[in-house]
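Notes for the one structure printed next.
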Amino acid sequence: MRLLFDTIRSRIVAGLMPLLIGLVGTALLGAVTLRQMRQAVAEELAGLRASSDVGGGLVATVSEEIRTAEQYLAAPSADARKLFQAASDEASQYEKRLEAFGVTSEDRLAVTRLKHLHASIQVDYSIAHALKDLGRDHEALTQLAAVRADAAEVTRLARDFSSRQAAKAAQAADRLTAASKEREKGLWLLLARWALLSIQGPLSRLVTAAERFGGGDLRPVTVGEMPREFRVLAEAMQRMADRLRRIVGEVVGESDLIAGSAGDLSATSQQLAASSSQVSTAMVEISGGADHQRSELGAMGTGLEELRRAAAEMAEAADRTAQLGEEIRTVADRHRGDVAAAGKALLDVREVVQTTSQQVGELAQLSAAIDDFVDLIKRISSRPSRRPGQVSTAGASRSWRKKSVSWLMSRRAPPRRSPARPASSGSTWRRSAPL
Amino acid sequence: MLAACSRPSGPIVIGLAGPFSQPRGTSMLRAAQLAVEQINARGGVKGGKAGGGRPLKLKVADDSGSENVAMRVAEQLYADPAVLAVVGHLSSDPSKAAARIYGGGATPLVMVSPSASNPDLGGINPYFFRICPSDLQHGTELARFAWQTLAARRAGIIYLNDDYGRGVRHTFAAAFTRLGGVVVEADPAVPETRSLEPYLSRMRQGGVDVLMLATERPEAELALREMQALGLRWPVIGGDALTGIEADGALAEGVYVSSAYLADRRDERNGAFVADYARAYQGQRPDHRGAGAYDVIYLLARVIAEAGPDRKAIRDNLVQVGRGKPSFEGVTGTVIFDANGDVPGKQVMIGVIRDGRLVTETER
């Protein structure tokens, strides 16, 4: 079924089918509309038709009335008089019916005029009849001459009124026909519009879809039912849109990847920047620490030099003490009397030892300064991302400290240079403690 | 309080349509004006939906007793939105012509006729009312009076060749024939008729016991003058359209007239009305047209007070008078409308002209 109406041509041809169907529909719709219109004008038509009939009846009865009136004048009789009276009453009934139709004001004025004139001729004929009955024929003829003009006028008025009502009925019928044609024309226009829309609609939808693509909106478009030519075009557009969507999807994917990498790079750069900043800070600190270290090392060198000199002096004093002790022991051995002198000499030694002890305290202070320096180096070395140089500096510091302590401990230890001395020196030390 | 402030306070306008340029319309105009003056002197239309006392105002329109003029008058009154109802028209033909205008369109207008008696008017449209009996009652009562009281057996009829005259003629002839009488002849006349003498002469030849004048006052006066000239002394009877002919003095002496209202009606309310009327208009007496108009004004004032100043509401209220709402007691009697806007309960009385006055005829 769909294939039958798949092309524009087939649709146009098919459009004729609805037109044919439309004719049937027109008949049905026309029947409905005509029914409505009939209802609308039925009363008017009925009124006009009835008034036309009544007008015709009035013309007939007035003519009959005039005929019987004339007949009575020609040959008076009870029957003719009754016929005249009956025609007069019938004409009056027609006039009442005309009034009851509720015709227009113009019609009412015409009916009123007709009624009055008709009433007048009835009276004139009646008086003429009375005169005739009274044997006053001349007066009757005079009365009759006056009434005949009015009778002709009444007949003319009645005929005019009847003709006017008939014309109005015909006009109403023409109006009904014209209205029916208008409706039919409207229906044809509707069908033509339907055929036009069956082409214009798909085109409009395609244009809308193309504008959407042009605007960058590549979402799938539902164009609905349309002729095959348009459907082919729509499918081509859909394929183009699919390809565009795929390409755009790929581009978007790559862009996402690049964007991801860029993000990583950005993060790394940020980290590098942060690290550089930290390194810079550390370098500054290291630089400051190195300066401080250098000055401390200088001070420590000085101290060490002093310590070395003091140690050398102490060693020299110890050597001298040892020599003195040897000499004292020798002298004591030899000269007991010289013990006092030796005691004095021991007092000197004690003073030397006190001096040495003081120097050792100063050395301990120097060692504390070294410890501070070592702590500083440790703090620097405990920071993240240390540069290799920094690590080596801390290691060097620790190594130097170890060597320094080792050296100091070795300097505090009893002298080992003369293996023969330990007994005397040890005794010296043991004796010296109570002193 | 807001609603009270928003209520209109202007006069309530009622149309008054009739042949006021003619003698037959005089009583109607005077009585209507008297009623309005009395109502306004008591504070106007008040109570119910009408608000607190709004004066009544008449919009008077002369239809000259002509159908064409009556239609124009009706169109003018209909088009005026201030007009809530119409008192009129006086006679049958103008009333028929105007009724189609008042009863049509988007805002139909109630008309209440005091004296239009043609049977065809009954139910002509939902907005037509009248407070007078129809010609069916007049013709029947006149036939009964002629047959029973006057002992007439042969009647001659001169009728006005319009709806009113034909209606009275038909009902009289039917009733009289039904009673056993004979209508010798029925002859038409129009206002332009110059002489009825041929009819009267022929009736004299045919022999009649009573002359029925189903005409207006001018045609009746013509007939009476010609009867007088011809020396005819038939009892003359006629419908309420002859009312006022008593002013002709001796010419109209002894004429019997059917009417739904006679000024000497024994009723306290009517007595006050007649006295007020005489006081207001130099001792004049109201006729059935004036009494009817007087009652219609009071009736409309009551209805507007209940229903409010709305055309449709007035009609809806009016149709219930005597049928769901209290009947109206007026100077012409009790008003109870039927579905056609008629007052079938109203009785027709026979009056006679004695000494230049129309008085109630005592049954012999």
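Numbers restart at 1 for each chain; the letters A, B, ... are given by sequence-line order, proteins then strands.
At a heavy-atom separation below 4.5 angstrom, chain B is approached by A:R81, A:Q85, A:D89 within residues 78-91 of chain A.
With a 4.5 Å cut-off on non-hydrogen atoms, B:T193 touches chain A through its side chain but not through its backbone. For A:R113, no part lies near chain B; criterion is any non-hydrogen pair under 4.5 Å. Looking at B:D162, there are no atoms closer than 4.5 Å to chain A (heavy atoms on both sides), in backbone or side chain. With a 4.5 angstrom heavy-atom cutoff, B:N68 touches chain A via backbone and side-chain atoms both. Residue B:L160: no heavy atom, backbone or side chain, is found under 4.5 Å from chain A. For chain A, the nearby part of B:R169 is the side chain; its heavy atoms alone come within less than 4.5 Å. For chain B, the nearby parts of A:H129 are the backbone and the side chain; heavy atoms of each come within less than 4.5 Å. There is no contact between B:S66 and chain A, counting heavy-atom distances below 4.5 Å.
Side-chain contact check for B:D163 versus A:K115: some heavy-atom pair is nearer than 4.5 Å. At a threshold of 4.5 Å between non-hydrogen side-chain atoms, the residues B:R202 and A:L131 do not count as touching. Side-chain contact check for B:Y199 versus A:V123: some heavy-atom pair is nearer than 4.5 Å.
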*What do the steps show when you test A:H116 against B:V190 for side chain to side chain contact (heavy atoms under 4.5 Å, CB included), and what is the final call?*
CA-CA 9 Å; A:H116 285 166; B:V190 289; over 6 Å; no
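Atom-to-atom distance recorded for A:S92:OG and B:R166:CZ is 3.5 Å, nearest 0.5 angstrom. Rounding to the nearest 0.5 Å gives a distance of 7.5 Å between OG of A:S126 and CG of B:N161. For the atom pair CD (B:E192) and CG (A:D124), the distance works out to 9.5 Å, reported to the nearest 0.5 Å.
Nearest heavy-atom pair across B:S201 and A:L134 is CB-CD1, 3.7 Å.
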